[in-house]
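Quick notes on the structure that follows.
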Amino acid sequence: MTEGAPSFPLEGGCLCGAVRYRIDGPVASVDYCHCRMCQKGTGNPAVAWATGPFENFHWTQGEPRGFRSSPIGRRWFCADCGSPLAFEGFEPEGKTMGITLATLDDPTALRPRQHAWIGTRIPWHAIDESLPQYEDEGPASGV
């Protein structure tokens, strides 16, 4: 992991390279999500996300496909290779965008600082017990 604050912009994209994105500024939280929607949306027991203001996020190449997975958000993925890329949240205080950390060109640029929605954690999935754990989204972990 890169020590200290990450150097923005950060860029990333899908497995096949058809869709690319850029994050221009700081993110509000970096965490592992253990909710059932994230589990089903990615096929993984947890997803590492970096979430920040919608205005700091830009698609730079290709057209991702969106799926309105709940009243509070839309999931974005590559229509060609299926890579889960982002979660657009419709928060009362404004839209947010979360990106899947593993799709960053440098996935070590940001490191999760907490576990969210731990109540639906799959028991056989070992986690970093040294990180805070929350039954809900937890506090913003600021990066």
Exercise. Shared ILVMFWY cluster between Phe77 and Trp49, side chains joined below 4.5 angstrom?
Worked result: no
Problem set entry | Rounded distance [0.5 Å steps], CD in Gln61 versus SG in Cys14 | 8.0 Å
Exercise. Would you say Ser83's side chain and Leu15's backbone share a donor-acceptor pair under 3.5 angstrom?
Worked result: yes
Exercise. Hey, does Ile127 have a side-chain heavy atom less than 4.5 Å from the side chain of Ile118?
Worked result: yes
Problem set entry | Spacing of Trp117 atom CH2 and Asp136 atom CG [to the nearest 0.5 Å] | 5.5 Å
Problem set entry | Value rounded to 0.5 Å, distance of OG1 in Thr108 from CG in Leu101 | 10.5 Å
For this session: Test Gln133 against every option in Arg121, His115, Gln114 by the side-chain contact (heavy atoms from CB on, under 4.5 Å) rule and name the one that passes.
Result: His115
For this session: Determine, step by step, whether Thr103 and Tyr21 satisfy the side chain to side chain contact (heavy atoms under 4.5 Å, CB included) criterion, reporting the C-alpha distance in whole Å, the side-chain angles of both residues, the deciding distance to 0.1 Å, and the verdict.
Result: CA-CA 10 Å; Thr103 63; Tyr21 63 81; 2.8 Å; yes
For this session: Mind listing the closest non-hydrogen atom pair of Pro107 and Ala102 along with its distance?
Result: CB-CA, 4.2 Å
For this session: Grab the two heavy atoms, one from Gly13 and one from Arg20, that are nearest each other, plus how far apart they are.
Result: N-NH1, 3.5 Å
Exercise. Which heavy-atom pair separates Leu85 from Cys78 by the least distance, and what is that distance?
Worked result: CD1-N, 4.0 Å
Exercise. Considering residues, nucleotides and ligands other than Arg68, do more than 12 of their heavy atoms fall under 6.0 Å from its CZ?
Worked result: yes
Problem set entry | Side-chain donor or acceptor of Thr100 paired with backbone N/O of Pro84 under 3.5 Å | yes
Exercise. If you group Ile, Leu, Val, Met, Phe, Trp and Tyr by side-chain heavy-atom gaps below 4.5 Å, do Val19 and Leu104 land in one group?
Worked result: yes
Exercise. Is Gln39 reaching over with its side chain to a backbone N or O of Thr120, donor-acceptor style, under 3.5 angstrom?
Worked result: yes
Seminar exercise, completed: Taking every heavy atom of Ala86 against every heavy atom of Trp59, the minimum-distance pair comes out as CB-CH2, 4.1 Å
Problem set entry | Atom pair CD1/CZ of Ile23 and Phe57 - distance to nearest 0.5 Å | 6.5 Å
Seminar exercise, completed: Here the pair of heavy atoms bringing Ala109 nearest to Pro6 is O-CB, 3.6 Å
For this session: Would you mind reporting whether Pro9 and Asp24 have side-chain heavy atoms less than 4.5 Å apart?
Result: yes
Exercise. Hey, is CD on Glu129 packed in by over 12 heavy atoms from elsewhere, all under 6.0 Å?
Worked result: yes
Exercise. If you group Ile, Leu, Val, Met, Phe, Trp and Tyr by side-chain heavy-atom gaps below 4.5 Å, do Phe67 and Met97 land in one group?
Worked result: no
Exercise. Is a side-chain N or O of Glu88 found less than 3.5 angstrom from the main chain of Phe54, in a donor-acceptor match?
Worked result: no
Exercise. Can you name the nearest heavy-atom pair linking Phe87 to Ser69, along with the distance?
Worked result: CE1-OG, 4.0 Å
For this session: State plainly whether one hydrophobic cluster holds both Val47 and Ile122, where clusters connect Ile, Leu, Val, Met, Phe, Trp and Tyr through side-chain heavy atoms under 4.5 angstrom apart.
Result: no
For this session: For side chain to side chain contact (heavy atoms under 4.5 Å, CB included), just list the numbers for Glu137 and Cys35, CA-CA rounded to whole Å, side-chain angles, deciding distance to a tenth of an Å, and then say yes or no.
Result: CA-CA 9 Å; Glu137 68 271 7; Cys35 81; over 6 Å; no
For this session: Please work out whether the ring planes of Tyr32 and His34 are parallel, tilted or perpendicular, with thresholds of 30° and 60°.
Result: tilted
